[in-house]
Amino acid sequence: MAAALVVSFGEMLIDFVPDVPGVSLAESVGFIKAPGGAPANVAVAISKLGGKAAFIGKFGDDEFGHMLVDILRQNGVDDQGVLFDPHARTALAFVTLKSGGEREFMFYRNPSADMLLTEAELNLALIRRAAIFHYGSINLISEPSLSAHLAAMRAAKEAGVLCSYDPNLRLPLWPSEEAARDGILSIWEEADFIKVSNDEVAFLTQEDPQSEENVLSLWFEGLKLLIVTDGEKGCRYFTKDFKGSIPGFAVNTIDTTGAGDAFVGALLVSMAKDISLFKNEEKLREVLTFANACGAICTTQKGAIPALPTMAAALNLINTGGSRSFIFHLWRKILHVFHTWFHL
(Lines give C-alpha, C1' and ligand atoms only; values in the text may rest on other atoms or scores of the structure.)
Protein backbone atom coordinates (compact mmCIF):
# COMPACT_ATOMS: atom_id res chain seq x y z
CA MET A 1 0.00 0.00 0.00
CA ALA A 2 1.35 3.43 -0.95
CA ALA A 3 2.17 5.73 1.93
CA ALA A 4 0.00 8.79 2.46
CA LEU A 5 1.46 12.22 3.18
CA VAL A 6 2.71 13.19 6.64
CA VAL A 7 3.11 16.95 7.16
CA SER A 8 5.52 17.99 9.91
CA PHE A 9 5.22 21.48 11.39
CA GLY A 10 7.65 23.50 13.47
CA GLU A 11 11.32 24.32 13.80
CA MET A 12 14.51 23.36 11.98
CA LEU A 13 17.86 24.64 13.17
CA ILE A 14 21.59 24.03 13.28
CA ASP A 15 22.91 21.92 16.15
CA PHE A 16 26.55 22.55 17.05
CA VAL A 17 27.80 19.42 18.81
CA PRO A 18 31.20 19.22 20.58
CA ASP A 19 33.59 17.03 18.62
CA VAL A 20 34.65 15.38 21.89
CA PRO A 21 31.86 13.85 24.02
CA GLY A 22 31.58 14.38 27.74
CA VAL A 23 32.87 17.96 27.86
CA SER A 24 31.12 21.25 28.61
CA LEU A 25 30.53 23.86 25.92
CA ALA A 26 33.26 26.00 27.46
CA GLU A 27 35.74 23.11 27.41
CA SER A 28 35.00 22.06 23.85
CA VAL A 29 37.65 23.09 21.33
CA GLY A 30 35.67 22.25 18.20
CA PHE A 31 32.08 21.62 17.14
CA ILE A 32 30.40 19.50 14.49
CA LYS A 33 27.66 21.34 12.60
CA ALA A 34 24.54 19.19 12.23
CA PRO A 35 21.00 19.94 11.02
CA GLY A 36 18.33 19.41 13.67
CA GLY A 37 14.96 20.45 15.05
CA ALA A 38 12.51 17.74 16.08
CA PRO A 39 9.70 18.26 13.50
CA ALA A 40 12.22 18.45 10.65
CA ASN A 41 14.00 15.36 11.96
CA VAL A 42 10.70 13.49 11.87
CA ALA A 43 10.04 14.59 8.28
CA VAL A 44 13.47 13.41 7.12
CA ALA A 45 13.11 10.17 9.09
CA ILE A 46 9.85 9.44 7.27
CA SER A 47 11.37 10.19 3.89
CA LYS A 48 14.49 8.09 4.54
CA LEU A 49 12.23 5.19 5.48
CA GLY A 50 10.40 5.40 2.16
CA GLY A 51 7.43 7.52 3.19
CA LYS A 52 6.01 10.82 1.90
CA ALA A 53 6.83 13.82 4.07
CA ALA A 54 6.44 17.58 3.88
CA PHE A 55 7.73 20.26 6.22
CA ILE A 56 6.14 23.58 7.17
CA GLY A 57 8.39 26.11 8.86
CA LYS A 58 10.27 29.39 8.55
CA PHE A 59 13.99 30.00 8.11
CA GLY A 60 16.26 32.98 8.10
CA ASP A 61 17.17 34.18 4.62
CA ASP A 62 20.79 33.34 5.42
CA GLU A 63 23.32 30.66 4.54
CA PHE A 64 22.24 28.39 7.38
CA GLY A 65 18.57 28.67 6.38
CA HIS A 66 19.22 27.84 2.74
CA MET A 67 21.54 25.01 3.77
CA LEU A 68 18.80 23.46 5.91
CA VAL A 69 16.17 23.69 3.18
CA ASP A 70 18.64 22.10 0.75
CA ILE A 71 19.03 19.24 3.24
CA LEU A 72 15.25 18.77 3.30
CA ARG A 73 15.17 18.64 -0.49
CA GLN A 74 18.14 16.28 -0.69
CA ASN A 75 16.31 13.92 1.64
CA GLY A 76 13.14 13.98 -0.42
CA VAL A 77 11.04 16.15 1.91
CA ASP A 78 8.42 18.36 0.20
CA ASP A 79 9.32 22.02 0.85
CA GLN A 80 6.12 23.71 -0.34
CA GLY A 81 5.47 24.89 3.20
CA VAL A 82 8.90 26.51 3.64
CA LEU A 83 9.37 30.27 3.99
CA PHE A 84 12.40 32.57 4.36
CA ASP A 85 12.46 35.69 6.55
CA PRO A 86 14.91 38.40 5.45
CA HIS A 87 14.74 40.09 8.85
CA ALA A 88 15.52 37.17 11.18
CA ARG A 89 18.24 34.57 11.56
CA THR A 90 17.97 30.80 11.43
CA ALA A 91 17.95 29.30 14.94
CA LEU A 92 21.14 27.80 16.37
CA ALA A 93 21.63 25.39 19.27
CA PHE A 94 24.80 24.29 21.00
CA VAL A 95 24.33 20.77 22.32
CA THR A 96 26.60 19.37 25.02
CA LEU A 97 27.05 15.61 25.03
CA LYS A 98 27.55 14.31 28.53
CA SER A 99 28.76 10.81 29.34
CA GLY A 100 26.26 8.26 28.05
CA GLY A 101 25.24 10.54 25.19
CA GLU A 102 22.75 12.64 27.20
CA ARG A 103 22.37 16.26 26.16
CA GLU A 104 22.29 19.80 27.48
CA PHE A 105 21.13 22.65 25.23
CA MET A 106 22.04 26.30 24.74
CA PHE A 107 19.80 28.04 22.19
CA TYR A 108 20.32 31.18 20.08
CA ARG A 109 16.80 32.41 19.14
CA ASN A 110 16.24 36.10 19.82
CA PRO A 111 13.92 35.79 17.98
CA SER A 112 14.80 33.29 15.27
CA ALA A 113 12.84 33.02 12.03
CA ASP A 114 10.89 29.92 13.08
CA MET A 115 9.35 31.94 15.93
CA LEU A 116 8.01 34.51 13.46
CA LEU A 117 5.84 32.26 11.28
CA THR A 118 2.37 33.81 11.02
CA GLU A 119 -1.06 32.31 10.43
CA ALA A 120 -1.32 34.15 7.09
CA GLU A 121 1.87 32.46 5.87
CA LEU A 122 0.65 28.89 6.43
CA ASN A 123 0.25 26.56 3.46
CA LEU A 124 -3.14 25.27 4.57
CA ALA A 125 -3.73 23.36 1.33
CA LEU A 126 -0.67 21.23 2.10
CA ILE A 127 -1.95 20.47 5.60
CA ARG A 128 -5.39 19.50 4.30
CA ARG A 129 -3.84 17.01 1.84
CA ALA A 130 -2.10 15.12 4.64
CA ALA A 131 -3.15 11.88 6.30
CA ILE A 132 -1.21 12.85 9.45
CA PHE A 133 -0.20 16.28 10.77
CA HIS A 134 2.73 16.11 13.20
CA TYR A 135 3.93 18.85 15.55
CA GLY A 136 5.74 19.61 18.80
CA SER A 137 5.36 22.33 21.43
CA ILE A 138 8.15 24.82 20.62
CA ASN A 139 5.89 27.00 18.46
CA LEU A 140 3.54 27.43 21.41
CA ILE A 141 6.05 29.51 23.37
CA SER A 142 5.38 32.94 21.84
CA GLU A 143 3.48 34.87 19.19
CA PRO A 144 3.08 34.90 16.25
CA SER A 145 4.08 31.22 15.96
CA LEU A 146 1.55 30.26 18.65
CA SER A 147 -1.41 31.53 16.58
CA ALA A 148 0.07 29.91 13.47
CA HIS A 149 0.36 26.59 15.29
CA LEU A 150 -3.23 26.70 16.53
CA ALA A 151 -4.51 27.65 13.06
CA ALA A 152 -2.54 24.82 11.42
CA MET A 153 -3.87 22.30 13.91
CA ARG A 154 -7.42 23.59 13.47
CA ALA A 155 -7.16 23.26 9.67
CA ALA A 156 -5.90 19.70 10.02
CA LYS A 157 -8.73 18.65 12.32
CA GLU A 158 -11.39 20.30 10.14
CA ALA A 159 -10.04 18.36 7.15
CA GLY A 160 -10.15 15.05 9.03
CA VAL A 161 -6.35 14.81 9.24
CA LEU A 162 -5.05 12.81 12.21
CA CYS A 163 -2.90 14.82 14.61
CA SER A 164 0.38 13.51 16.04
CA TYR A 165 1.97 15.28 19.02
CA ASP A 166 5.46 14.91 20.45
CA PRO A 167 5.90 17.71 23.02
CA ASN A 168 9.71 17.51 22.80
CA LEU A 169 10.25 19.44 26.02
CA ARG A 170 13.06 22.02 25.86
CA LEU A 171 12.87 23.83 29.19
CA PRO A 172 15.54 26.49 28.41
CA LEU A 173 13.22 27.93 25.74
CA TRP A 174 10.25 28.47 28.08
CA PRO A 175 9.87 31.37 30.54
CA SER A 176 9.36 28.92 33.41
CA GLU A 177 8.59 25.29 34.22
CA GLU A 178 4.97 26.22 34.89
CA ALA A 179 4.68 27.97 31.51
CA ALA A 180 6.13 24.91 29.79
CA ARG A 181 3.75 22.54 31.56
CA ASP A 182 0.71 24.71 30.88
CA GLY A 183 1.74 25.32 27.26
CA ILE A 184 2.33 21.68 26.45
CA LEU A 185 -0.95 20.61 28.07
CA SER A 186 -2.94 23.44 26.44
CA ILE A 187 -3.26 21.45 23.19
CA TRP A 188 -3.00 17.97 24.72
CA GLU A 189 -6.55 16.87 24.03
CA GLU A 190 -6.45 17.90 20.36
CA ALA A 191 -4.14 15.01 19.39
CA ASP A 192 -4.95 11.53 18.07
CA PHE A 193 -1.48 10.12 18.76
CA ILE A 194 0.88 11.29 21.50
CA LYS A 195 4.47 10.21 22.12
CA VAL A 196 6.16 11.30 25.34
CA SER A 197 9.36 10.26 27.05
CA ASN A 198 9.57 8.97 30.62
CA ASP A 199 11.16 12.28 31.64
CA GLU A 200 8.29 14.22 30.05
CA VAL A 201 5.72 12.13 31.92
CA ALA A 202 7.52 12.98 35.16
CA PHE A 203 7.60 16.67 34.22
CA LEU A 204 3.97 16.92 33.13
CA THR A 205 2.45 14.93 35.99
CA GLN A 206 5.08 15.67 38.68
CA GLU A 207 4.70 12.04 39.68
CA ASP A 208 6.49 8.71 39.10
CA PRO A 209 6.65 8.01 35.32
CA GLN A 210 6.91 4.26 35.97
CA SER A 211 3.47 4.24 37.57
CA GLU A 212 0.88 3.07 35.05
CA GLU A 213 -1.83 4.89 36.97
CA ASN A 214 0.18 8.07 36.66
CA VAL A 215 0.77 7.60 32.92
CA LEU A 216 -2.94 6.98 32.41
CA SER A 217 -3.71 10.32 34.06
CA LEU A 218 -2.56 11.71 30.70
CA TRP A 219 -5.16 9.65 28.83
CA PHE A 220 -8.34 11.33 27.56
CA GLU A 221 -11.42 10.26 25.67
CA GLY A 222 -10.70 10.41 21.94
CA LEU A 223 -6.98 9.66 22.17
CA LYS A 224 -6.12 6.73 19.91
CA LEU A 225 -2.57 5.92 20.99
CA LEU A 226 -0.31 7.04 23.83
CA ILE A 227 3.33 5.95 23.75
CA VAL A 228 5.88 6.44 26.52
CA THR A 229 9.51 5.95 25.47
CA ASP A 230 12.36 5.12 27.84
CA GLY A 231 15.56 5.09 25.78
CA GLU A 232 17.23 1.72 25.37
CA LYS A 233 14.69 0.16 27.75
CA GLY A 234 12.07 0.46 24.98
CA CYS A 235 8.56 1.83 25.14
CA ARG A 236 5.10 1.33 26.61
CA TYR A 237 1.91 1.71 24.58
CA PHE A 238 -1.68 2.41 25.56
CA THR A 239 -4.89 2.35 23.52
CA LYS A 240 -8.49 2.21 24.67
CA ASP A 241 -8.51 -1.56 24.05
CA PHE A 242 -5.04 -2.81 25.00
CA LYS A 243 -1.69 -1.89 26.49
CA GLY A 244 1.81 -3.35 26.73
CA SER A 245 5.53 -2.77 26.42
CA ILE A 246 8.21 -3.42 23.81
CA PRO A 247 11.88 -3.90 24.82
CA GLY A 248 14.52 -1.69 23.29
CA PHE A 249 17.81 -2.42 21.56
CA ALA A 250 21.23 -2.40 23.15
CA VAL A 251 23.67 -0.45 20.94
CA ASN A 252 26.86 1.57 21.38
CA THR A 253 25.29 4.94 22.21
CA ILE A 254 27.27 8.02 21.18
CA ASP A 255 24.62 10.77 20.92
CA THR A 256 20.93 10.51 21.81
CA THR A 257 20.01 13.62 19.76
CA GLY A 258 17.18 12.75 17.37
CA ALA A 259 16.51 9.25 18.74
CA GLY A 260 12.94 10.14 19.72
CA ASP A 261 12.39 11.73 16.30
CA ALA A 262 13.66 8.60 14.54
CA PHE A 263 11.18 6.62 16.67
CA VAL A 264 8.30 8.94 15.76
CA GLY A 265 9.25 8.92 12.07
CA ALA A 266 9.21 5.12 12.03
CA LEU A 267 5.84 5.04 13.76
CA LEU A 268 4.26 7.64 11.46
CA VAL A 269 5.61 6.17 8.22
CA SER A 270 3.95 2.92 9.28
CA MET A 271 0.73 4.68 10.31
CA ALA A 272 0.60 6.47 6.97
CA LYS A 273 0.57 3.09 5.22
CA ASP A 274 -2.07 1.62 7.53
CA ILE A 275 -3.95 4.24 9.50
CA SER A 276 -5.77 1.57 11.56
CA LEU A 277 -2.56 0.18 13.12
CA PHE A 278 -3.51 1.36 16.59
CA LYS A 279 -6.49 -1.06 16.52
CA ASN A 280 -4.36 -4.18 15.91
CA GLU A 281 -2.07 -5.02 18.82
CA GLU A 282 0.03 -7.58 16.93
CA LYS A 283 0.75 -5.15 14.09
CA LEU A 284 1.34 -2.29 16.51
CA ARG A 285 3.91 -4.34 18.43
CA GLU A 286 5.77 -5.06 15.18
CA VAL A 287 5.76 -1.37 14.28
CA LEU A 288 6.98 -0.34 17.74
CA THR A 289 9.81 -2.88 17.55
CA PHE A 290 10.75 -1.26 14.25
CA ALA A 291 10.48 2.22 15.83
CA ASN A 292 12.68 1.14 18.75
CA ALA A 293 15.29 -0.10 16.28
CA CYS A 294 15.24 3.21 14.39
CA GLY A 295 15.62 5.15 17.63
CA ALA A 296 18.53 2.95 18.72
CA ILE A 297 20.40 3.30 15.42
CA CYS A 298 20.08 7.07 15.60
CA THR A 299 22.13 7.10 18.82
CA THR A 300 25.15 5.41 17.25
CA GLN A 301 26.56 8.56 15.61
CA LYS A 302 26.64 12.30 16.26
CA GLY A 303 23.91 14.64 15.13
CA ALA A 304 20.25 13.97 14.41
CA ILE A 305 19.53 14.02 10.66
CA PRO A 306 22.87 12.45 9.65
CA ALA A 307 22.14 9.55 12.03
CA LEU A 308 18.57 8.82 10.93
CA PRO A 309 18.40 5.22 9.68
CA THR A 310 17.25 3.63 6.46
CA MET A 311 14.73 0.81 6.35
CA ALA A 312 17.53 -1.67 5.60
CA ALA A 313 19.56 -0.60 8.64
CA ALA A 314 16.55 -0.90 10.97
CA LEU A 315 15.58 -4.33 9.66
CA ASN A 316 19.19 -5.48 9.94
CA LEU A 317 19.28 -4.54 13.63
CA ILE A 318 16.02 -6.39 14.24
CA ASN A 319 17.13 -9.47 12.29
CA THR A 320 20.52 -9.67 13.99
CA GLY A 321 18.82 -9.85 17.36
CA GLY A 322 20.11 -6.69 18.97
CA SER A 323 17.10 -6.31 21.21
CA ARG A 324 17.17 -7.07 24.87
CA SER A 325 14.14 -9.31 24.42
CA PHE A 326 16.01 -11.43 21.90
CA ILE A 327 19.02 -11.77 24.19
CA PHE A 328 16.76 -12.58 27.12
CA HIS A 329 14.87 -15.31 25.25
CA LEU A 330 18.10 -16.72 23.80
CA TRP A 331 19.61 -16.91 27.29
CA ARG A 332 16.50 -18.69 28.57
CA LYS A 333 16.79 -21.25 25.78
CA ILE A 334 20.45 -21.86 26.62
CA LEU A 335 19.62 -22.30 30.32
CA HIS A 336 16.80 -24.69 29.37
CA VAL A 337 19.22 -26.80 27.32
CA PHE A 338 21.74 -26.90 30.18
CA HIS A 339 18.95 -27.79 32.62
CA THR A 340 17.77 -30.63 30.34
CA TRP A 341 21.31 -32.02 29.97
CA PHE A 342 21.91 -31.83 33.72
CA HIS A 343 18.84 -33.97 34.44
CA LEU A 344 19.55 -36.63 31.77
Side-chain angles (χ1 to χ4, degrees), residues 15 17-18 21-22 34 36 38 41-42 44-45 48-49 95-105 166-170 194-204 208-212 214-215 225-238 243-270 284-332 334:
D15 287 334
V17 184
N41 294 343
V42 169
V44 174
K48 288 186 76 170
L49 292 170
V95 186
T96 304
L97 305 182
K98 300 186 290 185
S99 58
E102 289 305 311
R103 302 155 294 160
E104 289 180 343
F105 293 87
D166 176 2
N168 194 44
L169 175 65
R170 294 290 178 263
I194 296 176
K195 174 262 173 193
V196 283
S197 69
N198 244 31
D199 290 344
E200 287 165 342
V201 171
F203 175 78
L204 292 172
D208 179 13
Q210 298 297 338
S211 162
E212 184 174 303
N214 184 44
V215 171
L225 177 63
L226 173 64
I227 294 175
V228 180
T229 56
D230 193 12
E232 65 176 18
K233 294 178 184 177
C235 66
R236 289 174 284 166
Y237 59 89
F238 302 86
K243 62 188 178 184
S245 63
I246 303 290
F249 289 79
V251 295
N252 180 28
T253 295
I254 294 174
D255 177 10
T256 58
T257 306
D261 306 325
F263 179 99
V264 172
L267 173 65
L268 295 185
V269 78
S270 303
L284 180 62
R285 289 181 65 86
E286 291 175 1
V287 165
L288 292 177
T289 298
F290 171 61
N292 279 342
C294 288
I297 291 169
C298 192
T299 70
T300 59
Q301 69 182 78
K302 292 175 182 175
I305 286 177
L308 294 170
T310 61
M311 182 74 73
L315 295 179
N316 181 60
L317 179 59
I318 294 169
N319 292 334
T320 54
S323 74
R324 294 181 179 274
S325 62
F326 178 90
I327 300 298
F328 175 73
H329 290 301
L330 180 61
W331 183 239
R332 283 187 61 182
I334 292 170

| Would you say V269 and K48 make side-chain contact, with heavy atoms under 4.5 Å? | no
| task | Report the distance from atom OG of S197 to atom CG of L204, rounding to the nearest 0.5 Å. | result | 8.5 Å
| task | To the nearest 0.5 Å, tell me how far F263 CZ sits from I297 CD1. | result | 13.5 Å
| task | Could you tell me which non-hydrogen atom of A293 sits nearest to which non-hydrogen atom of A314, and how far apart they are? | result | CB-O, 3.9 Å
| task | Kindly compute the distance separating NZ (K233) from OG (S245), expressed to the nearest 0.5 Å. | result | 12.5 Å
| remark: Those residues at least two apart in sequence (or on a different chain) that pass side chain to side chain contact (heavy atoms under 4.5 Å, CB included) with Q210 are N198, D208, D230, R236
| note | With sequence neighbours left out, the residues meeting side chain to side chain donor-acceptor pair (under 3.5 Å) with Q301 are none
| message | Do D199 and P209 have side chains that approach each other closer than 4.5 Å (heavy atoms only, starting at C-beta)? | response | no
| Residues in side chain to side chain donor-acceptor pair (under 3.5 Å) contact with N292, at least two apart in sequence or another chain | none
| request: Indicate the atoms forming the closest heavy-atom contact of N41 with G36, along with that distance. | output: OD1-CA, 3.5 Å
| How far does CG of L268 sit from NZ of K195, to the nearest 0.5 angstrom? | 11.0 Å
| field | Any V251 side-chain heavy atom under 4.5 Å of E232 side chain | value | no
| said: Show the nearest heavy-atom pair for residues C298 and A262, with the distance to one decimal. | reply: CB-CB, 3.9 Å
| query | If you look at every heavy atom in T289 and I246, which pair is closest and at what distance? | reply | OG1-CG2, 3.5 Å
| Distance-only, no hydrogens or angles: does the D15 side chain make a donor-acceptor pair with backbone N or O of V17 under 3.5 Å? | no
| L317 side, atom CG; F249 side, atom CZ - distance, nearest 0.5 Å | 5.0 Å
| message | Does V44 form a side chain to side chain contact (heavy atoms under 4.5 Å, CB included) with D261? I'd like the steps, not just the answer. | response | CA-CA 9 Å; V44 174; D261 306 325; over 6 Å; no
| message | Could you tell me if the side chain of V264 sits less than 4.5 Å from the side chain of I227, heavy atoms only? | response | no
| Nearest-0.5 Å distance that lies between atom CG in L225 and atom CZ in F238 | 10.5 Å
| field | Heavy-atom side-chain proximity of L49 to L308 below 4.5 angstrom | value | no
| task | Kindly indicate whether the side chain of V95, heavy atoms from C-beta on, has any atom under 4.5 Å from the side chain of T257. | result | yes
